[in-house]
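Only this structure's heavy atoms are used, side chains among them; waters, hydrogens and symmetry mates stay out. In what follows, chains are A, B, ... by sequence order, proteins preceding strands, each numbered from 1. Fair warning: this is a prediction, and the values are worked out from it, not measured in the lab.
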There are 2 protein chains.
Amino acid sequence: MGREERKRPATLRTVARSAGVDVSTVSRVLNGSPEDAARAASRETAEAIREWAARLDYRPNPHAKSLRTQRSNLVGVLVPRLSDVVLATIYEGVEDAAAGHGLATFVMNSHDRPAEQRARTELALSRRVDGLVLGDAHHDGVFAGELAERGVPFVLVSRHAGEHPAVTCDDYRGGRLVAEHFLALGHRRAAVIAGEPFASTGIDRTAGFADRYREEGLDVASVHSGFDTVGGHRAAEQLLAADPRPTALFAVNDFAAIGALGAVRDAGLRPGADVAVAGFNDIPLAAELPVPLTSVRSPMHEMGRRALELLVTVLDGQHPESQRLEPELQVRASTAGQEIVTR
Amino acid sequence: MGREERKRPATLRTVARSAGVDVSTVSRVLNGSPEDAARAASRETAEAIREWAARLDYRPNPHAKSLRTQRSNLVGVLVPRLSDVVLATIYEGVEDAAAGHGLATFVMNSHDRPAEQRARTELALSRRVDGLVLGDAHHDGVFAGELAERGVPFVLVSRHAGEHPAVTCDDYRGGRLVAEHFLALGHRRAAVIAGEPFASTGIDRTAGFADRYREEGLDVASVHSGFDTVGGHRAAEQLLAADPRPTALFAVNDFAAIGALGAVRDAGLRPGADVAVAGFNDIPLAAELPVPLTSVRSPMHEMGRRALELLVTVLDGQHPESQRLEPELQVRASTAGQEIVTR
DNA sequence: CTGAAAGCGCTTACAG
DNA sequence: CTGAAAGCGCTTACAG
């Protein structure tokens, strides 16, 4: 064991010598397009080259290739936190799609802090990524604007900002879906746990929800919060203290909703029976909770895939349209009017 | 916007010309060690070079550097699933530590499938990573053995296999801690939801638990399961069907434990009151559940950090010892003997 | 169909 | 203290 025993990998030159041809021929046959390969060598020569390449376990050196072509086939991905299952799942989608394009990705956490966003982006750029997928855009669009100004190819995912190409869930529509569900259940006093004010997800989900209630002539209280359980718990406490107290709570993400469930219980109320609670994203855990959580399913993996595909078109010089994917309401016991035992 | 507007970044040559010196001098001043830099140019020359570099926003081209030095400063990380918060958190630790060494990391999912482990590893190797951090080792050690055979530098994290350098939690000890806790509560009939049979985590946690019970002359039933909620639910159902039924369940990870909580409820029993349930890892959610989950805290982030540090010593040609980090039992309502409202 | 040459942007002995 | 040169492993006009 130990690097000392690793022998140098085969190079174009190694296989060229073995096959008795020039390196340029080997390059065309092995790494060129099919047409290139076809006109670069006779069938037999090509055959021989491929055989030697296999025997010597030749693998193109990506550094040499990138240096020469000025293309790294690397894309940088920025997320607030990878340990958030929503972002991790989106990233899995990005990675899947990237593999299909021969691209490698690397992720970094920005913790939603502008200084870190900048630092991580510069790091990616100094690593010569071909482009970026940003999952942590702030709604003000300042940072994205700077990148666009500099001509850096990028797309946004999960959150949109300004007019930059983005793949998101139709969060506004998702918010409306929850409002309609609540209204159908007869809830006239509803409130929103709105998440961070800089994220378009929370903004749009809240707006869709509030607009639908407004159409019925009803106002909804809303309070900002962290996207985590603790934030949701606190926000729910605050909202439940109102008089008259709301009978339904919409948290703009599932972790905040789980916190809200706790707050409802702490107030001596039964989630589902006394206070309806709905979340957003439909993470796998939502269905497994003791009181299964009603949630809006957002196609996280698919969003990631599409974002990467969108980036590919940007790298191709196009100026693609943003995409909004359809959300879907999953009704469960937390809004069912009575407690239902899981499964 | 668009890549057409991006101007070529400054190179060593650009700044050399501006400063009126040779590229080799610039290289030594900018990218060499402090001593190199000192003896490469007079203070004024060095000063001038640095000034020009800053003005031109010079950043060393990593591909050229890697090509020349045969070192990529890249490490590949393999995990079963990044959307598992345990692995995501470990990865965050790896990444943090890597940044401190000027290394970049990229993660890939293997889904615990040998074919994917191999494919992803080959991909990483063809990208010329300097080394690997494997979070998905199988206990048989076959794959790790092959890598060692080939002289590929790597370390294991979270799970160990064979004698390969690994950073893990002391899982055996963690299992014992739970057993001791259960015994102190008077539970004589306990059972284990043991996880996948190929993971050292589940194996060791189960062994530690069972050994401690055996010391009291007691046997424990155990059944393998997936590491997810569904797997835990099924396994718990099976265990609870025994006659006499166990009064305490130890699930080797928190998601399986959450599934077990559901199964306990479905059986008309109260978690904590009728059946004690404990998990492992102490994910953030554990404390936020309606019945907060007793769990063994494993230092996930720290494990990731240490694994990277260990890899650095391996890359340095050393043959370091494996490390086992201390687990810590967090007692909560799910084993408290009575239901306690969250927070 | 095939080859010879230049060059991507670095580092590092070698010389002075 | 500083420079000139070679070379890492590729790709791609240019020639034939």
Side-chain angles (χ1 to χ4, degrees), chain A residues 6-50 52-53 56-73 102 126-128 130, chain B residues 6-50 52-53 56-73 102 126-128 130:
Chain A
R6 278 176 100 181
K7 50 180 188 312
R8 282 282 199 72
T11 68
L12 233 35
R13 169 153 28 201
T14 328
V15 355
R17 274 212 244 276
S18 302
V21 296
D22 190 78
V23 294
S24 57
T25 305
V26 180
S27 171
R28 289 187 271 250
V29 169
L30 256 27
N31 303 333
S33 66
E35 309 92 70
D36 271 6
R39 81 172 63 103
S42 65
R43 281 205 347 111
E44 303 106 51
T45 315
E47 194 75 352
I49 289 173
R50 275 189 254 272
W52 274 108
L56 298 171
D57 193 23
Y58 168 75
R59 310 188 202 189
N61 182 312
H63 305 121
K65 182 170 194 156
S66 296
L67 179 58
R68 182 54 232 244
T69 60
Q70 306 283 358
R71 240 217 177 233
S72 63
N73 293 318
S126 68
R127 289 251 163 208
R128 302 298 198 272
D130 291 333
Chain B
R6 278 176 99 181
K7 52 180 188 310
R8 281 281 200 73
T11 67
L12 233 35
R13 169 151 31 198
T14 329
V15 355
R17 274 214 246 276
S18 302
V21 296
D22 190 79
V23 294
S24 57
T25 304
V26 180
S27 172
R28 288 187 271 248
V29 169
L30 257 27
N31 304 332
S33 66
E35 309 92 69
D36 272 6
R39 83 171 62 101
S42 64
R43 281 206 348 111
E44 303 107 51
T45 315
E47 194 75 353
I49 289 172
R50 274 189 255 272
W52 273 108
L56 298 171
D57 194 24
Y58 169 74
R59 311 189 201 188
N61 183 313
H63 304 121
K65 183 169 193 155
S66 296
L67 179 58
R68 180 55 232 244
T69 60
Q70 306 284 356
R71 242 219 176 229
S72 63
N73 292 318
S126 67
R127 289 252 162 207
R128 302 298 199 273
D130 291 334

Any side-chain heavy-atom pair of [X] and [Y] under 4.5 Å:
| X | Y | value |
| --- | --- | --- |
| P9(A) | R128(B) | yes |
| Y58(A) | N31(A) | yes |
| R127(A) | N73(B) | yes |
| V26(A) | V21(A) | yes |

- Message: Pick the closest DNA chain D nucleotide for S27(A) and for R13(A) by heavy atoms, then say which residue is nearer the 5' end.
- Response: R13(A)
- Closest nucleotide of DNA chain D for N31(A) versus for A64(B): which of these residues is on the 5' side? A64(B)
- Gap separating the CG atom of L30(A) from the OG1 atom of T25(A), nearest 0.5 angstrom: 11.0 Å
- Message: Can you tell me how far apart CZ (R28(A)) and CG (D22(A)) are? Round to the nearest 0.5 Å.
- Response: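 So the gap between those two atoms works out to 7.5 Å.
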Could you check whether [X] gets within reach of a base, just the sugar-phosphate, or nothing at all, counting any heavy atom under 4.0 Å?
| X | answer |
| --- | --- |
| T45(A) | sugar-phosphate |
| R59(B) | sugar-phosphate |
| P62(B) | nothing |

Is there a donor-acceptor pair closer than 3.5 Å between any side-chain N or O of [X] and the backbone N or O of [Y]?
| X | Y | value |
| --- | --- | --- |
| D130(B) | S72(B) | yes |
| S66(B) | H63(B) | no |
| T45(A) | A41(A) | no |

- Using Watson-Crick and G-U wobble pairs with both distances under 3.5 Å, what is the 5'-to-3' dot-bracket string of DNA chain C, with [ ] for crossing pairs and | for pairs outside the strand? |||.||||||||.|||
- Task: Mind running a 4.0 Å heavy-atom check of residues 18-26 of chain A against DNA chain D and sending the residues that fall below it, in number order?
- Result: S24(A)
- Item | Nucleotides bounding contact with chain B, strand DNA chain D, heavy-atom threshold 4.0 Å |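 Terminal contacting nucleotides, 5' to 3': dC1(D) to dG9(D).
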- On DNA chain C, check which nucleotide each of R28(B) and N61(B) is closest to and give me the residue with the more 5' one. N61(B)
- Task: Evaluate the side chain to side chain donor-acceptor pair (under 3.5 Å) criterion for residues S27(B) and S24(B): first the C-alpha distance (whole Å), next the side-chain angles of each, then the deciding distance (0.1 Å), finally the verdict.
- Result: CA-CA 5 Å; S27(B) 172; S24(B) 57; over 6 Å; no
- Item | Nearest atoms (heavy-atom pairs only) where V15(B) meets L56(B) | CA-CD1, 3.9 Å
